[in-house]
Amino acid sequence: MPSNDARTLLQAAVPTAVAGAVATAVSAGVAGGKGAVGAGVATIVVIVFMGIGLVVLQRTARSLPHLFQAMGLMLYAAQLLLMFIFVAAFKNTTMFNPRAFAITLVATTLVWIGAQTRAHMKAKILYVEPESDKAEKPKNTGSKP
């Protein structure tokens, strides 16, 4: 993973983990141990899903740059759909507090998106790849006048 991608991933994951830790502490205070477990699971789900999405999007940008925008829109729609599926699947669970899970899921998702946006805005990414020394020079195929 190139350094810009790793830096973006780190700059999005750390604030999300901090927000998840705060949500876990608040949920533990409000809903007890099951609230803390729900908030912790939600934080892990968001970091894993969004992290995988960021890696997939960066690989798509390198290999298929013409599909980057469409892939980004599809990826975010799929991530939101998966989040809704997780909330619906664990709506009636007794393993953890579903309300703490859902609130933490939404909050940490918003923190991830904000942190990722900030990281991209602060990144100094070249719009054009600089020429390398190993690049092949165009050959003169025509006849000399």
Pair up each side-chain donor or acceptor in residues 43-58 with any protein partner under 3.5 Å, not counting sequence neighbours, and list the distances.
residue, atom, partner, partner atom, Å
Thr43, OG1, Ala39, O, 2.9

Donor-acceptor contacts under 3.5 Å from residues 106-117 side chains, at least two apart:
residue, atom, partner, partner atom, Å
Thr108, OG1, Thr104, O, 2.6
Thr108, OG1, Leu105, O, 3.4
Thr109, OG1, Leu105, O, 2.7
Trp112, NE1, Gln116, OE1, 3.0
Gln116, OE1, Tyr76, OH, 3.3
Gln116, NE2, Tyr76, OH, 3.1
Thr117, OG1, Ile113, O, 2.7

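Hydrophobic clustering, defined by side-chain heavy atoms of Ile, Leu, Val, Met, Phe, Trp and Tyr closer than 4.5 Å, groups Val22 together with Val26, Val30. Taking Ile, Leu, Val, Met, Phe, Trp and Tyr as hydrophobic and joining them when side-chain heavy atoms fall under 4.5 Å apart, one finds Leu67 in a cluster with Leu64. Here Phe84 is tied to no hydrophobic group at all, with no ILVMFWY side chain closer than 4.5 Å. Hydrophobic cluster membership for Ile103: none, as no Ile, Leu, Val, Met, Phe, Trp or Tyr side chain comes under 4.5 Å of it.
Hydrophobic clustering (ILVMFWY, side-chain heavy atoms < 4.5 Å, transitive): Val87 and Leu82 are in one cluster.
Among pairs with a residue in residues 7-32, none fulfils ring-ring contact (aromatic ring centres under 6.0 Å, His included), at least two apart in sequence or across chains. Residue pairs meeting the side chain to side chain donor-acceptor pair (under 3.5 Å) criterion with at least one member in residues 10-34: none, sequence neighbours excluded. Screening residues 83-103 for side chain to side chain donor-acceptor pair (under 3.5 Å) gives no qualifying pairs among residues at least two apart or on separate chains. Applying the ring-ring contact (aromatic ring centres under 6.0 Å, His included) rule to pairs touching residues 13-47 yields nothing, sequence neighbours excluded.
Atom NE2 in His120 sits 12.0 Å away from atom CZ in Arg7 (nearest 0.5 Å).
Listed by chain and number, the residues in a side-chain contact (heavy atoms from CB on, under 4.5 Å) with Ala28 are Ala36 (sequence neighbours excluded).
When all heavy atoms are compared, the tightest approach of Phe101 to Phe86 is CE2-O, 3.8 Å.
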